[in-house]
Amino acid sequence: MIDINELRINPKQSVHSLENRGDNYDRAISDILKLDADRKKTISELDTLKATRNQVSKNIGVAKNQGQFKDTETKKLVTSMRTLGSRIAKLEKQLSTFEQSILDSRLSLPNFPSIHSPIGSDESENIVIKTHGTAPVFSFSPKHHWEIAAELDIIDFEQGAKIAGSKFFVLKGKGAALQRALITWMLDIHTTVNKYTEIIPPYLVKPTSLLGSGNLPKFGDNIYHDSEDDLWLIPTAEVPLTNLHRDDVLSENDLPLCYVAHTPCFRREKAAAGKETRGIKRVHQFDKVELYKFVVPETSEDELQQLLRNAESICLSLELPYRVVELCTSELSFPASRGYDLEIWAAGDQEWLEVSTCSNCTDFQARRSNIRFKRTANSKPEFLHTLNGSALAIPRVLIAIMENYQQPDGSIRIPDVLQPYTGFDRIG
RNA sequence: GGAGGGAUCGCAUAGUCUGGUCUAGUGCGCCCGCCUGCUAAGCGGGAGGGGUAACCCCCCACAUGGGUUCGAAUCCCAUUCCCUCCGCCA
């Protein structure tokens with residue numbers, strides 16, 4: 001959620017900044033400002049009336065204690081307070097509708113893009129800032145991962161469809177073991193080398209939690225929802241991780257707080273339903289290792305670079321060719337002010353696969369989730385900054401390993417770093 | 001799912017029956033200052049949100065949301081969470 005004070009002070013710049021994302025925000029912001037003015041006016045009127053009521057009620061109490069409750073003077077006061085009371089009730093009702101409308105509008109506004117984010121209107125205006133490694137060269141024509149997986153019997157799409165429907169899959173045998181090894185290895189790297197604290201959060205969350213991370217109210221149609229208990233399946237670990245510290249006031253000494261979580265992620269992907277999506281590139285359920293940080297505002301840009309390096313280190317160790325893409329303003333996720341995609345090369349599909357988006361959400365999620373910190377014990381609480389990034393999304397890493405490490409004999413070599421975790425050095 | 005008990009300003013508690021000196025008291029911890037060879041103790045101040053750029057001041061806040069009342073921490077209703085017991089269950 002963006003700072004309403006920013007809207008008040010710089011309404012023009014605010015509109016301009018948000019419009020770099022590609023939509024129109026003129027109307028939304030002027031509506032908010034109008035409601036905000038109404039709200040202030042109502043509050044000040046209400047405060048005056050309440051001050052009167054508090055004072056008079058106190059006097060009535062004193063009079064009553066002195067046995068004067070039946071005085072005509074006191075009775076008059078009570079009567080006049082009754083009308084004042086109904087006036088207050090009416091204004092309070094008005095106030096709460098103003099406040100609700102303001103909140104609703106603000107919850108639908110995305111974060112301001114950082115001044116560092118390149119301005120652009122589609123993904124062609126993203127900037128490739130780094131490419132590492134080279135695409136593997138084969139003496140044969142490399143196969144797609146779904147072909148390899150079928151031949152080696154490590155992924156079963158038909159069983160997935162039978163059990164849960166299309167875009168679900170079953171990992172089998174060494175395929176399942178490979179995923180398990182990847183997850184364990186990634187968690188080990190992040191906890192021991194990069195010093196993140198491992199979390200296993202709930203995979204079902206309350207709507208409040210999704211509101212806090214920015215997934216609700218706007219993106220509810222991509223999330224599975226149990227209406228009986230109003231619980232939602234997480235589309236990413238970012239949701240529960242954001243909410244670890246909802247309503248907390250942390251001390252500056254506690255920061256940065258760095259968390260890593262492996263969770264399954266559930267996405268309806270309704271919008272992408274028609275698209276050609278063979279294999280496990282886009283599925284309804286997948287596993288992911290997610291990094292998340294709570295940091296002091298002025299450090300968040302550095303922390304983003306560090307988080308990006310932590311995610312990159314996974315690609316490096318797996319010896320997969322990858323590139324880093326800085327997202328232009330239109331491609332930033334809703335809560336992000338600046339972000340990078342990490343893409344690894346898939347030799348069979350002949351394309352770059354997005355395996356991570358590392359984002360600095362500045363104080364956007366912190367405002368929604370009311371997560372603050374104090375610089376000293378006496379200073380006022382301030383909103384902190386949050387960052388997140390995958391490191392990494394598992395299925396696409398599996399694709400890259402299958403396709404880039406495929407051998408002439410149809411087998412897959414296991415990347416060196418994973419062999420201690422898998423216990424085998426090839427599949428097939 | 002059933003029956004009880006509970007939720008108060010960081011923690012621990014008082015207050016709730018009997019609504020009004022509760023602008024929520026006390027103890028401990030924390031922060032700033034004073035004092036002091038140094039610590040401790042002692043003394044003073046501070047520590048939620050809003051109306052303010054900020055102050056004074058005012059308003060709001062006793063789990064949350066409603067209600068009763070001139071007035072609610074206190075009375076009534078609903079909800080949430082926690083604890084104990086029973087039932088069910090991996």
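Scope of the values below: all heavy atoms of this structure, side chains included, with no hydrogens, waters or symmetry mates.
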- Message: Using atom P in both nucleotides, what's the gap between B:A78 and B:C22 to the nearest angstrom?
- Response: 32 Å
- Partner nucleotide, any strand, of B:C57 [Watson-Crick/G-U, under 3.5 Å]: B:G51
- Message: Need to verify one output field. Residue with the more 5' nearest nucleotide on RNA chain B, A:P381 or A:K93?
- Response: A:P381
- With RNA chain B as reference, determine whether A:S57 or A:K40 sits nearer its 5' end, using the nearest nucleotide of each. A:S57
- Message: Suppose we define a pair by two distances each less than 3.5 Å, Watson-Crick or G-U wobble; what does B:G87 pair with here?
- Response: none
- Whole-Å gap separating C1' (B:U21) and CD1 (A:I60): 16 Å
- Task: With sequence neighbours excluded, give me every salt bridge (Lys or Arg N to Asp or Glu O under 4.0 Å) pair touching residues 90-100 of chain A.
- Result: A:R39-A:E99, A:K50-A:E92
- Task: May I have the distance from A:I371 (atom CD1) to B:G48 (atom P), rounded to whole angstrom?
- Result: 19 Å
- Message: Rounding to an integer number of Å, can you tell me how far A:D229 CG sits from B:U80 P?
- Response: 11 Å
- Message: Looking at A:R246, I want to see if its CZ is surrounded by more than 12 non-hydrogen atoms of other residues, nucleotides or ligands under 6.0 Å.
- Response: yes
- Note on the structure: Here the distance between atom C1' of B:U69 and atom CD1 of A:I88, to the nearest Å, is 13 Å
- Query: Using the C1' atom in both, what is the distance from B:G66 to B:G10, to the nearest Å?
  - Reply: 30 Å
Atom pairs under 3.5 Å, N or O on each side, protein against nucleotides 29-32 of chain B: can you list them with distances?
| unit_1 | atom_1 | unit_2 | atom_2 | d |
| --- | --- | --- | --- | --- |
| B:C31 | O2 | A:N378 | ND2 | 3.4 |

- Across all strands, who's sitting opposite B:G44 as a Watson-Crick or G-U wobble pair, both distances under 3.5 Å? B:C32
- Query: Who are the salt bridge (charged side-chain N to carboxylate O under 4.0 Å, His left out) partners of A:K174, not counting sequence neighbours?
  - Reply: none
- Query: Among A:K34, A:K41, A:K40, whose salt bridge (charged side-chain N to carboxylate O under 4.0 Å, His left out) with A:D38 holds?
  - Reply: A:K34
- Message: Within the supplied structure, the quantity of interest is the number of heavy atoms (other residues, nucleotides, ligands) at a distance under 6.0 Å from A:I200 CD1; does it exceed 12?
- Response: no
- Message: Could you tell me the Watson-Crick or G-U partner of B:U79, where both distances fall under 3.5 Å? Say none if there is no partner.
- Response: B:A63
- Item | Atom-to-atom span, CG of A:D248 to C1' of B:G48 - whole angstrom | 14 Å
- Side chains of A:T362 and A:N111: do they bring a donor and an acceptor to under 3.5 Å? yes
Considering only nitrogen or oxygen atoms on both sides, find all protein atoms under 3.5 Å from nucleotides 58-64 of chain B and state each distance.
| unit_1 | atom_1 | unit_2 | atom_2 | d |
| --- | --- | --- | --- | --- |
| B:C59 | OP1 | A:N54 | ND2 | 3.1 |
| B:C59 | O2' | A:D47 | OD1 | 2.9 |
| B:C60 | OP2 | A:N54 | ND2 | 3.2 |

- Message: I'd like the C1' distance from B:G29 over to B:C11, given in whole Å.
- Response: 7 Å
- Message: Nearest whole Å is fine: how far is B:G10 C1' from A:L250 CG?
- Response: 13 Å
- Message: Heavy atoms only, 4.0 Å cut-off, all strands: where does A:R39 land among base, sugar-phosphate and nothing?
- Response: sugar-phosphate
- What is the distance from NZ of A:K41 to P of B:U52, rounded to the nearest Å? 14 Å
Return all side-chain donor-acceptor pairs below 3.5 angstrom for residues 259-266 of chain A, not counting sequence neighbours, or 'none' if the list is empty.
| unit_1 | atom_1 | unit_2 | atom_2 | d |
| --- | --- | --- | --- | --- |
| A:Y259 | OH | A:H245 | NE2 | 2.7 |
| A:H262 | NE2 | A:D287 | OD2 | 2.6 |

- Query: How far, in whole Å, is B:G19 from B:A72 if one measures between their P atoms?
  - Reply: 13 Å
- Starting from C1' on B:C70, measure out to CG on A:N59 and report it in whole angstrom. 11 Å
- For B:U26, give its Watson-Crick or G-U wobble partner with both distances under 3.5 Å, or none. B:A12
- Atom CD of A:E158: over 12 foreign heavy atoms under 6.0 Å: no
- Residues in side chain to side chain donor-acceptor pair (under 3.5 Å) with A:R53, at least two apart? none
- Task: State whether A:R372 places a side-chain N or O below 4.0 Å from either non-bridging phosphate oxygen (OP1 or OP2) of B:G49.
- Result: yes
- Message: Among A:L304, A:T357, A:N360, A:N126, exactly one meets side-chain contact (heavy atoms from CB on, under 4.5 Å) together with A:Y340. Which residue is that?
- Response: A:L304
